[in-house]
Amino acid sequence: MSWRYRANTTLEGLTGYTLTRRPRKQPPKPPPPPPLVLQRLPGDEVRPPVDPAHDRLLREPVFLLSSVRSGSTLLRVMLNSHSRVHSPIETHFRRVTVGLGTEPVRQAMEVLGHTHSDIEHIVWDRLLHRELARSGKPILAEKTPSNVFAWRRISACWPDARFVFLLRHPMSIVQSWHEADPDRRPMEEAVPRTLSYMTYLEEARTHLDGLTVRYEELVAEPERELRRLCLFLGLEFEPAMLNYGQKEHGAFVKGIGDWRDKIRAGTVVQGRPLPTADEVPAELREMCGLWGY
């Protein structure tokens, strides 16, 4: 029996009270830091790298530009199966922004000669270069469908970039977008939502040099189309590209690429029959004509 117990027992019998240790006073919590102010530098300008030798690590990156639901994940994993090409999951890099939260840092960036977009471009380049360096391969092929909305900025960030345009019948895109999540993607929203991707993709095709690949031809004659693509990229065709299921391609997760069973099959699956003319709504007919469908 400890002396503290005996003392407290005696004290409690005489007075009804016991001794307890006074809790240590907790230091006051520091105030939360002020929120980061996402204020852009005045006079922001999207422009090519001022010092290409030092501002960019990536050389001749490849960007697969497509609408959603066009087979871009299939083309990605085929390319990623090549021994010299790393094509990661959708990185959504263009959404990475830089916050300049204080006046001194904004002043410093201006004195150093950076526009706000310059700084973001350096971050984008470093992010993608790190991904490529970790793969051990020499060529990066990035595909995120929303890149079509930023094709001007991407081409300014990497003036030596190479572009591959992936087309699919516009009505097939609409149907696939709806079927991927029928409850949350009703058909009445499918045409305007997907048409916006197609419109920007066609704009990019009009202004940028690159190679056009059709999804229907890719799944019907995959070796022929992959040989054509390899020739464009200065690569030798490798049969492993046809057996993409034998390679590791990262997670197939909704939000960063196709996730359904078809892409998990590991083999090329034939596309759906092309829609008939009377199945194409009026809003898509011009795009069908521009794309040769």
For atom [atom1] of [X], decide whether the heavy atoms of other residues, nucleotides or ligands shown that lie under 6.0 angstrom number more than 12.
| X | atom1 | answer |
| --- | --- | --- |
| Glu203 | CD | yes |
| Arg47 | CZ | yes |
| Asp51 | CG | yes |
| Arg84 | CZ | no |
| Glu236 | CD | no |

When you compare the side chains of Thr212 and Arg205, does any donor N or O come within less than 3.5 Å of an acceptor on the partner?
yes

Within the 3.5 Å criterion, strictly below it, is a donor on Thr91 or Glu131 matched to an acceptor on the partner's side chain?
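Per modelled atom types, Thr91 and Glu131 side chains form no pair under 3.5 Å.
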
Just jot down the ring pair (Phe, Tyr, Trp, His ring centres under 6.0 Å) partners of His207, sequence neighbours excluded, or say none.
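Only Trp151 meet the ring pair (Phe, Tyr, Trp, His ring centres under 6.0 Å) criterion with His207.
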
Is the backbone of [Y] close enough, under 3.5 Å, to the side chain of [X] for a donor and an acceptor to pair up by distance?
| X | Y | result |
| --- | --- | --- |
| Glu142 | Val62 | no |
| Lys143 | Pro88 | no |
| Asp125 | Leu58 | yes |
| Asp118 | Thr115 | yes |
| Ser176 | Ile173 | no |
| Arg214 | Trp291 | yes |
| His116 | Asp44 | no |
| Arg94 | Ser146 | yes |
| Arg162 | Leu233 | yes |
| Arg106 | Leu100 | yes |

Give the cluster check for Leu128 versus Val96: same hydrophobic cluster or not, with ILVMFWY residues linked at side-chain heavy-atom distances below 4.5 Å.
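Yes, because Leu128 and Val96 connect within a single hydrophobic cluster, where side-chain heavy atoms sit under 4.5 Å apart.
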
Path from Val46 to Phe149 over hydrophobic side-chain contacts below 4.5 Å
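No: no chain of side-chain contacts under 4.5 Å links Val46 to Phe149.
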
Sequence neighbours excluded, which residues qualify as salt bridge (charged side-chain N to carboxylate O under 4.0 Å, His left out) partners of Asp160?
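For Asp160 there are no salt bridge (charged side-chain N to carboxylate O under 4.0 Å, His left out) partners, ignoring immediate neighbours.
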
After noting the C-alpha distance and the side-chain angles of Val191 and Met171, does the key distance pass the side-chain contact (heavy atoms from CB on, under 4.5 Å) rule?
CA-CA 8 Å; Val191 170; Met171 190 57 198; 5.5 Å; no

How long is the gap from CE on Met78 to CG on Asn243, to the nearest 0.5 Å?
9.5 Å

The complete set of side-chain hydrogen bond (donor to acceptor under 3.5 Å, both in side chains) pairs with one or both residues in residues 225-234, sequence neighbours excluded, reads Glu223-Arg227, Glu225-Arg228

Sorted by first residue and then second, give each side-chain hydrogen bond (donor to acceptor under 3.5 Å, both in side chains) pair with at least one member in residues 191-200; sequence neighbours left out.
none

What pairs with Arg126 under side-chain hydrogen bond (donor to acceptor under 3.5 Å, both in side chains), at least two apart in sequence or on another chain?
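Listed in chain order: nothing, the list is empty.
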
side-chain hydrogen bond (donor to acceptor under 3.5 Å, both in side chains) with Glu216: which residues, sequence neighbours excluded?
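So Glu216 forms a side-chain hydrogen bond (donor to acceptor under 3.5 Å, both in side chains) with Tyr293.
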
On the 0 to 90° scale, with breaks at 30° and 60°, tag the Trp124-His121 ring pair as parallel, tilted or perpendicular.
tilted

Start with the C-alpha gap between Phe163 and Ile154, add the side-chain angles, then the distance that decides, and say whether side-chain contact (heavy atoms from CB on, under 4.5 Å) holds.
CA-CA 10 Å; Phe163 295 94; Ile154 292 171; 4.2 Å; yes

Heavy-atom side-chain contact between Leu64 and Asn147 under 4.5 Å:
no

Is there a side-chain contact between Glu238 and Ser81 in this structure, where contact means two heavy atoms from C-beta onward sitting under 4.5 Å apart?
no

Evaluate Leu229 against Leu75 for side-chain contact (heavy atoms from CB on, under 4.5 Å), listing each step before the verdict.
CA-CA 10 Å; Leu229 179 54; Leu75 185 53; 3.8 Å; yes

Take Leu167 and Val213 through the test side-chain contact (heavy atoms from CB on, under 4.5 Å) and record every step on the way to the result.
CA-CA 6 Å; Leu167 307 185; Val213 177; over 6 Å; no

Working for salt bridge (Lys or Arg N to Asp or Glu O under 4.0 Å), residues Arg153 and Glu120
CA-CA 11 Å; Arg153 191 163 177 191; Glu120 289 173 338; 2.6 Å; yes

